[in-house]
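Step one of this worksheet: look at the structure below.
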Amino acid sequence: MKKVLFATTALVATAGVAAADVSLSGSAEMGIFGGDTITDAGVITNRETQFHQDIEVTFTLSGATDNGLSFGASIQLDEAAWTDSTDDGGTTVFISGDFGRLTMGDTDGGFDWAMGEVNLAAGSLDDAETAHAGFEGNAGLDGTYDGQVLRYDYSVAGFGVAVSVELDDQPAGGNDDPVIGLGFTYSGDMNGIGYRAGVGYQTVSTAAGIETTIIGGSFGVTAGDLQVALNLSEQTVDGNANDQSHWAIGVGYTMDAWSFGANYGEYENRGNVANRDIEGYGVAVAYDLGGGAALQFGASSSDVTNGGVTRDASQWSFGVSMSF
């Protein structure tokens, strides 16, 4: 078996040029998972209980110019070559200064940048606690084309703003409008209670003039070991009378080495389809073993009503997560 040695390296350039740093981090999971998957249309796929392993490696590159600009990039390698996952990570490049930060690549659009999620603590292998059909990761319209997003963001005195663009990359024509995203955030602290509010917006129009728009808001608080978050969103499509709406709530709590998380989400007219209503919940429990390792358990359940017929499915996972 081949052995590969990774090292954290500092690249020091010649005199008069700032130093550039290259660092390496990673994570791994091993355990077991089972249960069923369900689509938004209510199609259930039964899965055999099976072993789970996941490996993720991230290279982070950073540097600075002589006049004080910061620049960098990240390369994420997700999953080992022998797995059947299609998620192979991504890359981002950025430059920042007093003017703000400009990021390009596999990064969040303005909507996702502003919105908070409701999976707040613990975590689980295979993300079982977020696998239910009612969970919304707030991707908005990111990935409408090739997923390459250009985002500018700026923060000052607790306020933040972001603008993003994703271009139509289709080789045949490429006549659809770009995805445009906007995000606004405000965060602060009141008597020891931290809070963060966000509002996000994204829109895109096809060459035929059909416009899809999503707008949402989120709010989260942290009081000691307790976290609570809420988010809401609505998606509209020109010519479709069925607006998709979603809301979700999550709670997280940490006690010594233990962490607990629970979240619930609900869609109405999922995918702008009338009477396609979905709800689901997830739970996660973790015990910190120290040194970057933790025992994790996660489970979720989904109820999908489509065309007056309701079907349900559930998933679970258990094992050890490792951070390096």
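These numbers come from the heavy atoms of this one structure, side chains and all, not from hydrogens, waters or symmetry mates.
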request  = Give the C-alpha distance, both sets of side-chain angles, the deciding distance and a yes or no for side-chain contact (heavy atoms from CB on, under 4.5 Å) between F33 and F318.
outcome  = CA-CA 6 Å; F33 71 91; F318 176 75; over 6 Å; no

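- In the model, D142 has a side-chain atom that pairs as donor or acceptor with a side-chain atom of Q202 under 3.5 Å.
- Between the side chain of S155 and the main chain of G160, no donor-acceptor pair closer than 3.5 Å is present.
- Judged purely by distance below 3.5 Å, without hydrogens or angles, the side chains of Y287 and Q296 never pair a donor atom with an acceptor atom.
- Between D153 and R101 there is no salt bridge, since none of the side-chain N atoms of the basic residue sits less than 4.0 Å from a carboxylate O of the acidic one.
- Under the side chain to side chain contact (heavy atoms under 4.5 Å, CB included) test applied with W316, the options V283, T49, D126, L125 reduce to a single match, T49.
- Although no hydrogens or angles enter the test, the distance criterion places a donor-acceptor pair under 3.5 Å between the side chain of S124 and the main chain of A128.
- The closest side-chain donor-acceptor pair between N272 and Q235 falls under 3.5 angstrom.
- When only modelled atom types and interatomic distance are considered, S74 and T92 share a side-chain donor-acceptor pair under 3.5 Å.
- Formation of a donor-acceptor pair under 3.5 Å by the R151 side chain with backbone atoms of D108 is found in this model.
- Without hydrogens or angle criteria, D168 side chain to D176 main chain gives a donor-acceptor distance under 3.5 Å.
- Between the side chains of T203 and E211, a donor-acceptor pair is found at a separation under 3.5 Å.
- The shortest side-chain heavy-atom distance between Y267 and E279 does not fall under the 4.5 Å cut-off.
- No donor-acceptor contact under 3.5 angstrom links the side chains of Q244 and R276, judged on distance only.
- Nearest heavy-atom pair across V199 and A114 is O-CB, 3.4 Å.
- What you find for S259 and A122 is that their closest heavy atoms are O-CB, 3.6 Å.
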task = Run the numbers on Y201 and I214 for side-chain contact (heavy atoms from CB on, under 4.5 Å), then give the verdict.
result = CA-CA 6 Å; Y201 170 86; I214 184 169; over 6 Å; no

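- With no hydrogens or angles considered, no side-chain donor-acceptor pair links S245 and E234 at under 3.5 Å.
- Counted within 6.0 Å of CG on D256, heavy atoms from surrounding residues, nucleotides or ligands total 12 or fewer; the atom is thus considered open.
- The shortest side-chain heavy-atom distance between L226 and V251 falls under the 4.5 Å cut-off.
- Between W247 and Y264, the ring-plane angle classifies as tilted under the 30° and 60° cut-offs.
- For the atom pair CG (D243) and OG1 (T236), the distance works out to 5.5 Å, reported to the nearest 0.5 Å.
- Under the 4.5 Å side-chain contact rule for hydrophobic residues, I38 and V309 do not share a cluster.
- Around atom CG of D177, more than 12 heavy atoms belonging to other residues, nucleotides or ligands sit under 6.0 Å away.
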query = So E136 and E117, side-chain contact (heavy atoms from CB on, under 4.5 Å) or not? Walk me through it.
reply = CA-CA 8 Å; E136 173 59 67; E117 296 183 7; over 6 Å; no

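- Annotation: side chain of I180 is in contact with side chain of V165 (closest heavy-atom distance under 4.5 Å).
- Distance CG/D127 to CZ/F135: 8.5 Å, rounded to 0.5 Å.
- Classified by interplanar angle (parallel below 30°, tilted 30° to 60°, perpendicular above 60°), the ring pair F260/Y253 is parallel.
- Of all the heavy atoms in M115 and L232, the pair that sits closest is CE-O, 3.7 Å.
- Within the 4.5 Å cutoff, the side chain of R311 has heavy atoms near those of the I44 side chain.
- The environment of F51 atom CZ is sparse: at most 12 non-hydrogen atoms of other residues, nucleotides or ligands sit within 6.0 angstrom.
- Taking both residues in full, the closest heavy atoms of L102 and Y152 are given as CD1-CB, 3.9 Å, listed atom of the first, atom of the second, then distance.
- Looking at every heavy atom in both residues, A121 comes nearest to A284 through O-CB, 4.2 Å.
- When side chains are defined from C-beta on, Y186 does not count as touching R196, because their heavy atoms never get closer than 4.5 Å.
- Note: the hydrophobic cluster containing F324 also contains L289 (ILVMFWY, side chain heavy atoms under 4.5 Å, direct or indirect links).
- A distance of 9.5 Å separates OG in S205 from CD1 in I210, rounded to the nearest 0.5 Å.
- Neither side chain, S301 nor S314, offers a donor N or O lying under 3.5 Å from an acceptor on the other.
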task = With side-chain contact (heavy atoms from CB on, under 4.5 Å) as the test, would you mind laying out the steps for D277 and R270 before giving the verdict?
result = CA-CA 6 Å; D277 301 329; R270 172 64 164 157; over 6 Å; no

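- Contact detail for F71 and T65: the closest heavy-atom pair is CE2-N, 3.8 Å.
- Hydrophobic clustering of Ile, Leu, Val, Met, Phe, Trp and Tyr side chains at less than 4.5 Å, counting indirect connections, keeps L150 apart from L167.
- Distance check: D146 CG to E166 CD gives 6.0 Å after rounding to the nearest 0.5 Å.
- Judged by distance alone, with hydrogens and angles left aside, the side-chain atoms of D312 form no donor-acceptor pair with the main-chain N or O of S302 at under 3.5 Å.
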request  = List the steps and the verdict of side-chain hydrogen bond (donor to acceptor under 3.5 Å, both in side chains) for Y281 and E129.
outcome  = CA-CA 8 Å; Y281 66 87; E129 87 279 16; over 6 Å; no

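- With a 4.5 Å cut-off on side-chain heavy atoms, D303 and I278 do not count as touching.
- Contact check for V93 versus T103: no side-chain heavy atoms found under the 4.5 Å cut-off.
- A donor and an acceptor atom, one from each side chain of H132 and N263, are located under 3.5 Å apart.
- Atom CG of D98 is surrounded by 12 or fewer heavy atoms from other residues, nucleotides or ligands within 6.0 Å.
- Between the side chains of E29 and H52, at least one donor-acceptor pair of N or O atoms lies under 3.5 Å.
- With contacts defined as side-chain heavy-atom distances shorter than 4.5 Å, the pair I215/F111 does not qualify.
- For the atom pair CD1 of I75 and OG1 of T58, the computed distance is 10.0 Å after rounding to the nearest 0.5 Å.
- M104 and L69 fall within the same hydrophobic cluster, where Ile, Leu, Val, Met, Phe, Trp and Tyr residues are linked whenever their side-chain heavy atoms come under 4.5 Å apart, directly or through other members.
- In this structure, CG in N306 is found 9.0 Å from CG in D40, a value given to the nearest 0.5 Å.
- Both L24 and I55 are part of a single hydrophobic cluster, where members link through side-chain heavy atoms under 4.5 Å apart.
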